[in-house]
Amino acid sequence: MTRRRTLTAQIQEVERELAMRRRVYPGLVSQRRMREGEAAEHVLRLECVLDTLRWLKVNRDRIRAALNEGEGGL
């Protein structure tokens, strides 16, 4: 079983997860099952993952080219 997924699929999954957290966390906070700061931190971390995946997708050709240049010297 391969564990590889496209950047687009990964981005879609993180977007889905973020949307779910934004719906669920306020209720958990109001029920005192999660602290507000903890909820905010989890959302922020996942937003950072999304930013990273989007950056990788935009820059993937440049990254590939840089990696290929590095292999030429081996």
Side-chain angles (χ1 to χ4, degrees):
M1 176 179 98
T2 181
R3 296 180 57 93
R4 299 181 92 185
R5 297 294 181 263
T6 66
L7 283 172
T8 300
Q10 292 177 55
I11 289 167
Q12 289 171 342
E13 186 62 22
V14 172
E15 289 172 338
R16 185 199 64 76
E17 179 66 23
L18 261 174
M20 184 181 67
R21 289 182 187 200
R22 289 179 176 137
R23 282 191 312 273
V24 171
Y25 284 1
L28 294 176
V29 169
S30 70
Q31 296 169 12
R32 299 179 189 247
R33 294 177 62 200
M34 179 180 274
R35 294 186 312 274
E36 188 173 348
E38 178 184 11
E41 179 65 19
H42 286 300
V43 169
L44 178 62
R45 289 177 185 179
L46 204 54
E47 287 171 340
C48 290
V49 169
L50 184 56
D51 289 345
T52 300
L53 289 172
R54 287 176 173 162
W55 183 90
L56 287 169
K57 184 176 179 181
V58 167
N59 293 285
R60 66 180 157 198
D61 291 337
R62 288 177 42 215
I63 295 166
R64 284 181 184 141
L67 289 172
N68 288 335
E69 285 177 18
E71 290 176 7
L74 292 178

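Across every non-hydrogen atom of Gln10 and Leu53, the tightest pair is OE1-CD2, 3.7 Å. Counting all heavy atoms, side chain and backbone alike, Val14 lies closest to Val49 at CG2-CG1, 4.2 Å. Closest heavy-atom contact between Thr2 and Arg5: O-NH1, 3.5 Å.
Scanning for salt bridge (charged side-chain N to carboxylate O under 4.0 Å, His left out) contacts around Arg60 gives an empty result, with sequence neighbours left out. With sequence neighbours left out, the side chain to side chain contact (heavy atoms under 4.5 Å, CB included) criterion links Arg32 to no other residue. Partners of Arg33 according to the side chain to side chain contact (heavy atoms under 4.5 Å, CB included) rule, which considers only residues two or more places apart in sequence or in another chain, are Leu28, Gln31. When the salt bridge (charged side-chain N to carboxylate O under 4.0 Å, His left out) test is applied to Glu38, no partner is found at least two apart in sequence or on another chain. Every residue two or more places apart in sequence or in another chain that forms a side chain to side chain donor-acceptor pair (under 3.5 Å) with Arg16 is listed here: Glu13. Shown here are the side chain to side chain contact (heavy atoms under 4.5 Å, CB included) partners of Glu36, two or more places apart in sequence or in another chain: Val29. Checked against side chain to side chain donor-acceptor pair (under 3.5 Å), Arg45 has the following partners two or more places apart in sequence or in another chain: Glu41. With sequence neighbours left out, the side chain to side chain donor-acceptor pair (under 3.5 Å) criterion links Arg54 to Glu15. Arg4 pairs by the salt bridge (charged side-chain N to carboxylate O under 4.0 Å, His left out) definition with nothing, not counting sequence neighbours. Not a single side chain to side chain donor-acceptor pair (under 3.5 Å) links Arg23 to another residue, sequence neighbours left out. The side chain to side chain contact (heavy atoms under 4.5 Å, CB included) test applied to Ser30 returns no partner, not counting sequence neighbours. A search for salt bridge (charged side-chain N to carboxylate O under 4.0 Å, His left out) contacts involving Arg21 returns Glu17, not counting sequence neighbours.
In this structure, the side chains of Arg64 and Leu67 stay at 4.5 Å or more apart for every pair of heavy atoms.
Remark: Thr52 OG1 to Ile11 CD1 distance equals 10.5 Å, nearest 0.5 Å.
Cluster annotation: Met20 is connected to Val43 through the hydrophobic network of ILVMFWY side chains, with a link wherever side-chain heavy atoms come within less than 4.5 Å.
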